[in-house]
Each structure stands twice: as C-alpha cells, then as structure tokens.
Amino acid sequence: MIIMVLFTVFVPKVACTNWKRVMIVLSQNLKAPDGAPYLDPLDIPYKIIHNHTVHKTFNKLWRRFGHYSRPLMHHKLKNYTKFLFVRDPFVRLISAFRDKFVKPDEYFYSHYGSTMLQRYANISKPPDSAKEAFAAGIRLSFTHFIKYLLDPQTEEENPFNEHWQQMYRLCHPCQIEYDFVGKLETLDDDTEHLLKILGLNNYIHFPPGYENRTAVDWEGEWFANISVADRRKLYNLYETDYKLFEYDKPETLLDE
Ligand SMILES: *[C@@H]1O[C@H](CO)[C@@H](O)[C@H](O)[C@H]1NC(C)=O
Ligand SMILES: *[C@@H]1O[C@H](CO)[C@@H](O)[C@H](O)[C@H]1NC(C)=O
Ligand SMILES: *[C@@H]1O[C@H](CO)[C@@H](O)[C@H](O)[C@H]1NC(C)=O
Ligand SMILES: *[C@@H]1O[C@H](CO)[C@@H](O)[C@H](O)[C@H]1NC(C)=O
Ligand SMILES: *[C@@H]1O[C@H](CO)[C@@H](O)[C@H](O)[C@H]1NC(C)=O
C-alpha cells in the first residue's frame, strides 16, 4: 500500500466521527486490544474516537503550532492533502443542539448550558450538573440556545465553541488552499471522490451512517418558536458560511 500522509481538517459534527475512524486506520498508530492496528474503520470503538487526545481539530493544531512553527505548518500545508467537509449552517446548529444539550452532557452543561439557563431561562441558580438538571426536569430549549448565539455578550466573553463557530472561521478557507471541499448532504458521493483523489478507494471503504434528513420542513419545526427577526439575525451571523459554501438562503424561514 502506498502510504499517503494526510492533513485532515474537520468541521466538528460534519461526518467527523467517521473520518476520524478512517484517519486512525490510515495512521496505523492505534492498536486494537490484541496489538494489531485497526484495519476496518468500523472496528474502532466509539469511545476511542471521542478521546480528546485523538480529537484534535485543525483550530487547536493551528493555535498550538501556527505561531511558533510557521515553516512546519507551511511544509505540511504544501505537502499534505487538505480536505474539509461542510454542512448546511442552520442544520448544523440544530445538530449541535441535539448532540450537546438534548441529552445530559456534563462538559457542555457546565461550560455553556448552565450559563444559558441563567441568562435566558431565568433560572438564577441552575443545578450543578446536567444529571441533576435533567432529573429536575430543567431542559435547555433550542430557543435559549439561539438567544445565546445572538447575544453579543457571548462572543465578547469567549470565542464560540467549535460546534457552533462559523465554519469559515474554523477552517480558514481563505488562507488554506483546500484540495477538496465536500458536503455532508452529498457525503457518500463526495467521500468516494475524495478517496479517489487520495488514491485510497481500493483500500478504504467509508462507513455509511449519515442520517438522511435534510428536509426543509424539519428545519421549520425546529425554528417554529424562533421569531422571524431572530432568524434573520441568525442568518446574518452565518451568512458567510451560506455564501462561501454555496448553501441556499433559507427563504421560507426568513420571510413572513
Ligand atoms: C486517550 O488516548 C491516549 C493516547 O492514545 C491515552 O493515553 C489515554 O489513556 C486515552 N484516554 C482515555 C480516557 O481513553
Ligand atoms: C514537500 O516535500 C518534499 C519531499 O519530502 C520536500 O522536499 C519539500 O521541501 C516539501 N515542501 C515544502 C513546502 O516543505
Ligand atoms: C424571573 O424569576 C424571578 C424570580 O424567580 C421572577 O420574579 C421574575 O418575574 C422572572 N422573570 C421572568 C421574565 O420570567
Ligand atoms: C436520501 O434522500 C434522497 C432524496 O430524498 C434519496 O434520493 C436517497 O435515496 C436517500 N438515501 C438514503 C440512503 O435513504
Ligand atoms: C416550541 O414551543 C412549544 C411550546 O412551548 C414546545 O412544546 C415545543 O417543544 C417547542 N419546539 C421546539 C423545537 O423547541
């Protein structure tokens, strides 16, 4: 097998898990309990994929190495294949909300959820843990989450978390010449294409698994409780992602 070195760039929640599996197989440096490297991406246990050591986004690498090691970055960016997968911006937000706040997630609760409850749900002392909040029937709504994104105070305090940070800010598409930009909406075709570019299509089969739900009325249900004024503000916040990655403006949500 020709060893090809990849420099991967993930947009969180954009087929991240499956690509991480593929990268782990390619890098051959993670061994199964029997000591052999994993050969099939699907054999890698989910908890390993989400190990934070393994989970390194480009942004983290960039922050870590970008400043004091520009020549190294330059070398890598020149010689490695760079790809990026993007997703419809509003659908990506819904997905982030569903993933991080609909089930108890202690990290997201303590870093973000409890602040959102305080500020937007009028709960002055939210429970200490996600477990306790859920037990007490306290749930963050999608409306609270959107309010948090629209509140100028949010970004003044800290940069957006990578799961809702605008994709263009996360992936520096204007500074980095990507070899390939795929879309989650056409994941199967785009993956096949990418694996061909990488010369890996005979070696690797990308695990299927993308839930096939892109319907606009589904988006409509999620945004039902968000005012049109707020939807428009939200669109403005993510407009660059819509334009740069060529997603249709969600007109039906925005005019009323
Ligand atoms: C995460 O991965 C690193 C390196 O492979 C390992 O040392 C560490 O124990 C792992 N952590 C967990 C929680 O599995
Ligand atoms: C790319 O790799 C080649 C061969 O390893 C090396 O000679 C070259 O300097 C690298 N390019 C950059 C920009 O570092
Ligand atoms: C917020 O809660 C306080 C006390 O719990 C209550 O007095 C106040 O009316 C609430 N405000 C809103 C907007 O619900
Ligand atoms: C996904 O949806 C598209 C459009 O409705 C359809 O053509 C395609 O067959 C679906 N794929 C799967 C795997 O269900
Ligand atoms: C919208 O509000 C209704 C009534 O409060 C609630 O039952 C529903 O779950 C909300 N929808 C979303 C997507 O948050």
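Start at 1 with the first residue, then count along the sequence. Being a predicted model, the structure only gives us computed values, none of them experimental. As the structure lists them, so they are numbered: ligands from 1, and atoms in each ligand from 1.
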In residues 227-234, what donor-acceptor pairs under 3.5 Å come from side-chain atoms, sequence neighbours left out?
{"unit_1": "S227", "atom_1": "OG", "unit_2": "D230", "atom_2": "N", "d": "3.1"}
{"unit_1": "R231", "atom_1": "NE", "unit_2": "F223", "atom_2": "O", "d": "3.4"}
{"unit_1": "R231", "atom_1": "NE", "unit_2": "I226", "atom_2": "O", "d": "2.9"}
{"unit_1": "R231", "atom_1": "NH1", "unit_2": "L253", "atom_2": "O", "d": "2.9"}
{"unit_1": "R231", "atom_1": "NH2", "unit_2": "F223", "atom_2": "O", "d": "2.9"}
{"unit_1": "R231", "atom_1": "NH2", "unit_2": "I226", "atom_2": "O", "d": "3.3"}
{"unit_1": "R232", "atom_1": "NE", "unit_2": "L254", "atom_2": "O", "d": "2.8"}
{"unit_1": "R232", "atom_1": "NH2", "unit_2": "L254", "atom_2": "O", "d": "2.9"}

- Message: Please tell me whether Y247 and D241 have a donor and an acceptor in their side chains that are separated by less than 3.5 angstrom.
- Response: no
- Task: Kindly assign one of parallel, tilted or perpendicular to the pair W218 and W222, based on the angle between their ring planes and the thresholds 30° and 60°.
- Result: perpendicular
- Message: List the residues meeting side chain to side chain donor-acceptor pair (under 3.5 Å) with D88, not counting sequence neighbours, and say none if there are none.
- Response: none
- Item | Partners passing side chain to side chain donor-acceptor pair (under 3.5 Å) against D189 (at least two apart in sequence or in another chain) | none
- Near ligand 5, at a heavy-atom separation below 4.0 Å: residues by chain and residue number: E221, W222, N225
- Pair R92 + E162: basic N to acidic O under 4.0 Å: no
